[in-house]
**Student:** 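What follows is a single structure, and I will ask about it in a moment.
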Amino acid sequence: MIPHNQQLATVILQRIDELASISEVTGAITRTFGTEAFIKGRSLVAQWMQQAGLQTHIDNIGNVRGRLPCPTPGAKTLVIASHIDTVFNAGKFDGPLGVLTGLVLIEQLIEQKKTLPFHIELIGFSDEEGCRFHTTYLGSKVVAGQFDNNLLGKQDAAGNTLGDVIKAMGGNTDLLSNDAITAANWLGYFEIHIEQGPVLYEKHIPVGIVTAIAGQKRIALTFKGEAGHAGTVPMHMRNDALCAASEFILEAERFAASHMQQVVATVGTLNIPNAASNVIPGEVSCTLDLRSPSQQVLNSCYTYLEQLGSAICQRRKITFDWQLVQESKPVNCDANMNRLLANAIRQTGYDVINLVSGAGHDAVAVSAISPVTMLFVRCYKGISHNPLENVELKDLAAAVDVSAAFINSLIQKYNKG
Ligand code: HGY
Ligand code: MN
Ligand code: MN
């Protein structure tokens with residue numbers, strides 16, 4: 001007889017696979033905010049929520065939301081959520097694992113006819129990765145009442161504005177604030193997510209608790225030199241934008257590596273307009289992603305690297321543009337909810353591992369208005385943002401058990417009043 005938790009984990013994995021089959025590209029998983037594939041994937045999640053009997057709707061920012069109301073007047077809401085958008089060429093677990101595990105947990109509560117002392121709202125957030133508009137947490141910011149309408153003018157690579165894409169999806173940009181859960185109504189926020197790091201894998205432990213989430217700054221850089229003929233301009237007479245960018249990128253890597261784990265720096269995109277093998281690059285743009293659990297370290301590294309870029313470009317007679325595009329502060333998860341989650345982990349027979357998340361999560365946006373807690377699930381070698389991302393069935397089954405025990409402890413706590 002297959003253990004019940006493994007049967008539930010099998011359902012979750014089947015749904016993860018079905019959702020992963022919906023993509024903007026053949027042979028890879030890509031579902032970015034507002035695309036046809038995103039909408040198709042979201043409809044599938046909405047269908048599952050409806051089949052489970054949840055009051056389901058799509059809000060104005062494109063989140064898919066399923067509510068299990070409780071009969072208690074004035075009850076607060078526990079939100080169980082993660083994101084359903086992906087990076088390009090993504091793994092299939094980053095985001096959907098949290099939404100689809102949450103769905104199975106709620107289906108179990110309905111099946112067990114549990115009387116809840118609080119409402120539960122399951123949410124698939126529409127844009128956590130921020131790949132299309134170089135933003136992050138658009139969906140969770142709306143639910144947390146933290147959305148900045150100035151973002152509506154942001155453009156994607158094709159010149160579409162965020163506001164236009166929201167409207168094209170059927171959202172009303174004037175009503176985004178109506179989609180927020182107001183502060184008084186939040187009981188708490190629970191997100192289940194793959195670790196996206198190697199600690200649980202190295203320790204052979206299926207789950208861990210997130211104590212804090214690193215702060216991040218995303219910067220857009222432009223290096224402008226002078227395009228020229230690759231065959232005729234002598235080396236000492238060049239203003240090669242790509243060589244300047246390359247020197248900066250390698251220096252940024254060396255600098256971060258010398259900061260002993262306190263900060264990570266990544267140049268994830270680089271673009272050379274009008275690139276050709278026989279043209280000296282006149283202009284290069286790239287992005288820098290800085291992360292640290294310490295705001296002070298994040299700020300000092302940001303300042304240092306901006307000055308470093310200016311100095312390199314001054315010496316090379318290159319103009320240098322440095323624009324902060326997005327930032328979020330380091331966030332602490334809620335000690336009280338984490339205590340309950342730790343008890344649930346022990347109760348399920350596992351050691352408690354506390355982890356700081358280098359990856360950002362929707363919990364960052366929600367932490368502005370609600371206590372948040374996150375359960376990490378071991379993934380293969382910590383690989384993520386990569387099609388090799390993988391979670392074992394038995395680890396997912398463990399996460400189901402721990403999460404169910406955690407939710408039950410909340411029910412007991414709030415039933416006592
Ligand atoms: O970039 C991140 O940390 C997350 O995957 N959005
Ligand atoms: Mn991600
Ligand atoms: Mn994620």
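Numbering of ligands and ligand atoms starts at 1, following listing order. These numbers were taken from a predicted model, which means no experiment stands behind them.
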**Student:** Please say which of Glu195, Lys203, Arg378 ends up in a side chain to side chain contact (heavy atoms under 4.5 Å, CB included) with Ile353.
**Tutor:** Lys203

**Student:** Can you name the atoms of ligand 1, numbered from 1 with element, that are less than 4.0 Å from a heavy atom of Ala359?
**Tutor:** 3 (O)

**Student:** Going by atom types alone, do Arg291 and Thr266 pair a side-chain donor with an acceptor below 3.5 Å?
**Tutor:** no

**Student:** Counting only heavy atoms not in Asn274, do more than 12 sit closer than 6.0 Å to its CG atom?
**Tutor:** no

**Student:** Asp289 versus ligand 1: do any nitrogen or oxygen atoms come within less than 3.5 Å of each other?
**Tutor:** no

**Student:** By number and element, which atoms of ligand 1 are closer than 4.0 Å to a non-hydrogen atom of His385?
**Tutor:** 5 (O)

**Student:** With no hydrogens and no angle check, just 3.5 Å: does a side-chain donor-acceptor pair link Glu24 and Thr32?
**Tutor:** yes

**Student:** Would you list the protein N, O or S atoms within less than 2.8 Å of the Mn ion (ligand 3), leaving out water?
**Tutor:** His83 NE2, Asp94 OD1, His193 NE2

**Student:** Among all protein non-hydrogen atoms, which one is nearest to atom 1 (O) of ligand 1, and what is the separation to 0.1 Å?
**Tutor:** Arg291 NH2, 2.8 Å

**Student:** For Arg218, state whether at least one heavy atom is located under 4.0 Å from any atom of ligand 1.
**Tutor:** yes

**Student:** Do the ring planes of Phe248 and Trp322 sit parallel (below 30°), tilted (30 to 60°) or perpendicular (above 60°)?
**Tutor:** perpendicular

**Student:** Could you check whether the rings of His83 and His193 sit parallel, tilted or perpendicular, using 30° and 60° as the cut-offs?
**Tutor:** tilted

**Student:** Looking at ligand 1, would His361 count as a contact under a 4.0 Å heavy-atom criterion?
**Tutor:** no

**Student:** For Ile2, I'd like to know if atom CD1 has over 12 heavy atoms of other residues, nucleotides or ligands within 6.0 Å.
**Tutor:** no

**Student:** State whether a side-chain donor-acceptor pair under 3.5 Å links Gln412 with Asn408.
**Tutor:** no

**Student:** Got an N/O contact under 3.5 Å between Asp94 and ligand 1?
**Tutor:** no

**Student:** Between Thr135 and Asp127, do the side chains contain a donor N or O and an acceptor N or O under 3.5 Å apart?
**Tutor:** yes

**Student:** In a table with atom names and distances, give each donor-acceptor pair under 3.5 Å that connects a side chain of residues 36-58 to protein atoms at least two apart or in another chain.
**Tutor:**
residue, atom, partner, partner atom, Å
Arg42, NH1, Gly62, O, 3.2
Ser43, OG, Ile39, O, 2.8
Thr56, OG1, Leu54, O, 2.9

**Student:** Check this for me - ligand 1, Gln196, N or O atoms closer than 3.5 angstrom, yes or no?
**Tutor:** no

**Student:** Counting from 1, what ligand 1 atoms have a heavy atom of Glu129 closer than 4.0 Å?
**Tutor:** 4 (C), 5 (O), 6 (N)

